[in-house]
Peer 1: 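Pasting a structure here, questions to come.
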Amino acid sequence: MRLDEITKDCGVCSVSGAGNPEITAICSDSRLAGPGALFIAVKGFAADGHKYIGTAVGKGAAAVVYQDEEAVGNREEGVVYIQVRSSRHALAMIAAAFYGNPSRRLTLVGITGTNGKTTTVTLLHRLFTGLGYHCGLLSTIANYIGEKRYEAINTTADPITVNSLLAKMADEGCEYCFMEVSSIGMEQERVTGLRFRAGIFSNLTHDHLDYHKTFAEYLRCKKMFFDMLPRDAFAITNTDDRNGMVMVQNTKAEVVTYSCRGIADHTCRIIEESFDGMLLKIDGRETWCRLIGQHNAYNILAIYTAAVTLGADPEEVLVGISSLTSAPGRLETIRGPHDLSVVIDYAHTPDALENVLRTLREIAPRRPLICVFGCGGDRDRTKRPEMAEVAGRLADRVIVTSDNSRTEKTSCIMDDIRKGFGPEASGRTLFIEDREQAIRTAILTAPPGSTVLLAGKGHETYQITGTEKRPFVEKDIVSDTLKSIMQ
């Protein structure tokens with residue numbers, strides 16, 4: 001593909017250097033540059049790509065797209081240099097063009113919100129696959145093209161990765177793709193240039209303030225997703241969330257609402273609930289699902305609303321919902337001896353932790369409830385005491401431990417958490433830095449008939465301490481500990 005074809009919509013300010021080379025690859029990492037490549041210099045969160053223009057050219061890059069004129073330095077002969085207004089915006093538009101605008105070749109559905117994104121896109125992928133469609137998935141846990149799995153790094157990947165995966169999906173006959181859209185991904189223009197057929201809003205609570213600094217900025221970045229939807233798209237929103245209608249107030253898309261508490265285009269109520277699932281009434285029809293909790297009732301209603309809005313038969317959707325299981329690491333229950341239940345969940349925000357603890361308390365109000373949790377290092381510190389307040393209020397016993405401490409000392413993170421416990425809750429709380437020891441302690445000291453919640457890591461199979469990422473699978477630790485009880 002010729003350079004001018006790829007760059008025509010990326011906000012060009014000036015071009016220097018002769019020619020219109022054939023571009024065989026695009027990259028924003030100079031280490032990936034080579035002959036025929038177009039290198040896009042992006043000023044990132046940790047590094048500035050402008051510093052590596054010379055490296056990319058030295059590796060044979062045919063062209064360079066940049067934003068900051070002063071950072072370019074000497075221009076090499078035979079290389080085309082293109083200045084743009086925003087290199088982030090240019091990267092997204094170039095990636096979409098280079099891969100043939102793949103989001104236009106399938107039905108792309110995005111979901112944004114604080115909690116429920118991974119569960120919702122995973123369930124949509126499973127539901128539509130069950131309805132007979134070939135589908136793709138872009139999520140926090142993993143990316144899928146049909147049944148083939150590709151590892152995921154970020155909630156919303158970079159534009160080159162996203163467009164390359166969408167192109168593979170379209171080439172392999174996928175009709176739908178379901179995608180998580182994060183606030184950081186929006187702010188960094190990772191989904192710019194994509195054409196969404198529908199956008200779903202779940203909820204907005206406390207998270208990512210280490211990056212966005214204020215809740216207002218966090219909200220603005222979420223809302224950008226609905227502002228960018230085209231007129232022929234659907235903006236599906238949860239009206240029970242106080243920001244549900246704020247999200248869609250400026251959208252050009254057709255607004256569709258859902259609610260578990262009030263009047264909306266689509267509604268849901270929980271009729272019965274147990275550890276095995278829930279009986280729901282959705283739009284007046286009863287259906288059984290294997291997920292539990294009010295927050296999952298919202299997730300189920302969101303996928304039902306999306307499916308019927310996109311033209312699926314309501315009865316077929318309800319039948320499909322009855323066979324769905326939760327995403328990995330979302331309220332996964334492992335049964336043990338002495339009527340013990342160990343629940344693994346990704347809850348890592350105050351709201352998510354409260355949802356899970358309330359669900360477990362409501363399903364089994366007489367069972368002792370033990371909560372093990374920690375907070376990530378180098379992340380939003382303000383939510384740490386809030387997590388403590390929730391755990392102390394809703395659990396009978398609490399064990400505070402590590403959770404991807406990164407470059408912070410676990411003891412310092414624990415000190416932040418400690419501030420949220422009142423005098424009474426402090427007396428029911430242990431602090432154990434080693435997460436494996438904390439898990440074993442929680443299970444081995446749990447009274448018969450207890451529920452033990454392991455919150456924060458969910459599907460993750462690693463623990464990050466300092467800059468080291470080492471294997472850490474909670475399910476394996478739980479299984480090993482439960483076996484030791486039976487011996």
Side-chain angles (χ1 to χ4, degrees), residues 110-124 139-141 152 154-156 178-186 199-212 215 218-219 221-223 225-226 236-244 246-247 258-261 268 270 278 289 291-303 305-306 324 326-332 343-362 371 373-376 379-380 382-384 386-387 389-391 394 403 453-460:
I111 177 167
T112 195
T114 305
N115 302 312
K117 296 189 297 296
T118 301
T119 296
T120 302
V121 294
T122 301
L123 294 179
L124 278 168
S139 80
T140 300
I141 296 175
N154 298 316
T155 299
T156 306
F178 305 101
M179 176 182 182
E180 290 187 54
V181 179
S182 69
S183 57
I184 296 173
M186 283 302 307
I200 305 170
F201 171 70
S202 58
N203 50 67
L204 197 68
T205 62
H206 191 152
D207 202 14
H208 295 307
L209 296 194
D210 56 309
Y211 182 89
H212 295 294
F215 188 81
Y218 180 43
L219 183 152
C221 291
K222 292 288 189 188
K223 185 177 179 298
F225 176 53
F226 296 94
I236 300 169
T237 190
N238 171 15
T239 57
D240 291 343
D241 187 278
R242 64 192 178 111
N243 291 298
V246 174
M247 288 290 147
Y258 67 95
S259 168
C260 288
R261 295 202 302 261
C268 175
I270 299 176
M278 301 181 287
C289 79
L291 283 71
I292 60 174
Q294 183 70 55
H295 60 295
N296 274 323
Y298 279 102
N299 294 333
I300 290 292
L301 181 57
I303 71 165
T305 301
L324 295 176
S326 187
R330 271 61 177 178
L331 280 174
E332 279 195 76
V343 179
I344 297 174
D345 194 87
Y346 189 53
H348 61 284
T349 67
D351 183 67
L353 185 61
E354 178 150 0
N355 285 337
V356 173
L357 287 170
R358 282 193 180 279
T359 294
L360 298 176
R361 182 65 80 191
E362 289 167 3
C371 176
F373 84 99
C375 292
R379 297 293 185 268
D380 185 1
T382 62
K383 71 180 181 182
R384 294 171 185 175
E386 295 182 23
M387 298 274 286
E389 189 280 326
V390 170
L394 295 174
D403 182 349
L453 171 65
L454 309 181
K457 295 197 67 63
H459 64 280
E460 293 180 352

Peer 1: Is a side-chain donor or acceptor of Ser259 paired with a backbone partner of Arg261 at a separation under 3.5 angstrom?
Peer 2: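 Side chain of Ser259 to backbone of Arg261: a pair is present.
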Peer 1: Identify the two heavy atoms, one from Glu354 and one from Leu394, that lie closest to each other, and give their separation to 0.1 Å.
Peer 2: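 Glu354 and Leu394 have their closest heavy atoms at CG-CD1, 3.8 Å.
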Peer 1: Does Gly113 offer a backbone N or O that forms a donor-acceptor pair with the side chain of Lys117 under 3.5 Å?
Peer 2: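 Flag set: sc Lys117 to bb Gly113 pair under 3.5 Å.
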Peer 1: Hey, could you give me the CD1/CD distance between Ile141 and Glu460, rounded to the nearest 0.5 Å?
Peer 2: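 Here the rounded value is 10.0 Å.
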Peer 1: Work out which heavy atom in Thr237 is nearest to a heavy atom in Gly244; give both atom names and the distance.
Peer 2: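 Here Thr237 and Gly244 meet closest at OG1-O, 2.6 Å.
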Peer 1: Would you give the length of the straight line joining atom CG of Asp380 to atom OG1 of Thr349, rounded to the nearest 0.5 angstrom?
Peer 2: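 Answer for the CG-OG1 pair, Asp380 versus Thr349, is 10.5 Å.
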Peer 1: Distance from Thr305 atom OG1 to Ile236 atom CD1, nearest 0.5 Å?
Peer 2: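 Between Thr305 OG1 and Ile236 CD1, I get 6.5 Å after rounding to 0.5 Å.
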Peer 1: Please report the shortest heavy-atom distance between Ala302 and Ile200, naming the atom on each side.
Peer 2: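 For Ala302 versus Ile200, the nearest heavy atoms are CB-CG2, 4.2 Å.
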Peer 1: In Å and rounded to the nearest 0.5 Å, what is the OG1 to CZ distance from Thr122 to Phe178?
Peer 2: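 Nearest 0.5 Å value for the OG1-CZ distance: 11.0 Å.
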Peer 1: To the nearest 0.5 Å, what is the distance between CG (Leu357) and SG (Cys371)?
Peer 2: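 The distance works out to 5.0 Å.
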Peer 1: Can you tell me which residue among Thr119, Leu291, Ile292 is in a side-chain contact (heavy atoms from CB on, under 4.5 Å) with Leu331?
Peer 2: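 Among Thr119, Leu291, Ile292, the one meeting side-chain contact (heavy atoms from CB on, under 4.5 Å) with Leu331 is Ile292.
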Peer 1: Calculate, to the nearest 0.5 Å, the distance between atoms OG1 and CE belonging to Thr112 and Met247 respectively.
Peer 2: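 Thr112 atom OG1 to Met247 atom CE measures 7.5 Å (nearest 0.5 Å).
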Peer 1: Ignoring hydrogens and angles, state whether a donor on the side chain of Asn115 or Asn355 is under 3.5 Å from an acceptor on the partner side chain.
Peer 2: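 Looking only at side-chain atoms, Asn355 and Asn115 do not form any donor-acceptor pair under 3.5 Å.
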Peer 1: Quick check: closest heavy atoms across Ile300 and Ile303, and the distance to 0.1 Å?
Peer 2: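 Smallest heavy-atom distance, with atoms named: O-CG1, 3.1 Å.
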Peer 1: Which class fits the ring pair Phe226 and Phe201: parallel under 30°, tilted 30 to 60°, perpendicular over 60°?
Peer 2: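 Taking Phe201 first and then Phe226, their aromatic rings stand perpendicular (interplane angle over 60°).
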Peer 1: Side chains of Tyr298 and Asp241: does their closest heavy-atom pair fall under 4.5 Å?
Peer 2: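 Answer no - side chains too far apart.
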Peer 1: Arg330 versus Asp345: any side-chain heavy-atom pair under 4.5 Å?
Peer 2: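 They are in side-chain contact.
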Peer 1: Which atom names give the shortest non-hydrogen contact between Met387 and Gly374, and what distance separates them?
Peer 2: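 Closest approach of Met387 to Gly374, heavy atoms only: CE-O, 4.3 Å.
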Peer 1: Would you check if the side chain of Lys383 reaches a backbone N or O of His348 as a donor-acceptor pair within less than 3.5 Å?
Peer 2: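 Judged by distance alone, yes, a pair lies under 3.5 Å.
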Peer 1: Counting only N and O atoms by type, is there a donor-acceptor contact under 3.5 Å from the side chain of Asn238 to the main-chain atoms of Ser202?
Peer 2: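 Yes; judged by distance alone, with no hydrogens or angles, the pair exists.
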Peer 1: How close do His459 and Pro328 get, counting heavy atoms only, and between which atoms?
Peer 2: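 It is CB-O, 3.6 Å.
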Peer 1: Is Arg384 reaching over with its side chain to a backbone N or O of Cys375, donor-acceptor style, under 3.5 angstrom?
Peer 2: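 Here the side-chain-to-backbone pair does not exist.
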Peer 1: For the backbone of Thr140 and the side chain of Glu180, can you confirm whether one donor and one acceptor N or O come within less than 3.5 Å of each other?
Peer 2: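 Such a contact is found between Glu180 side chain and Thr140 backbone.
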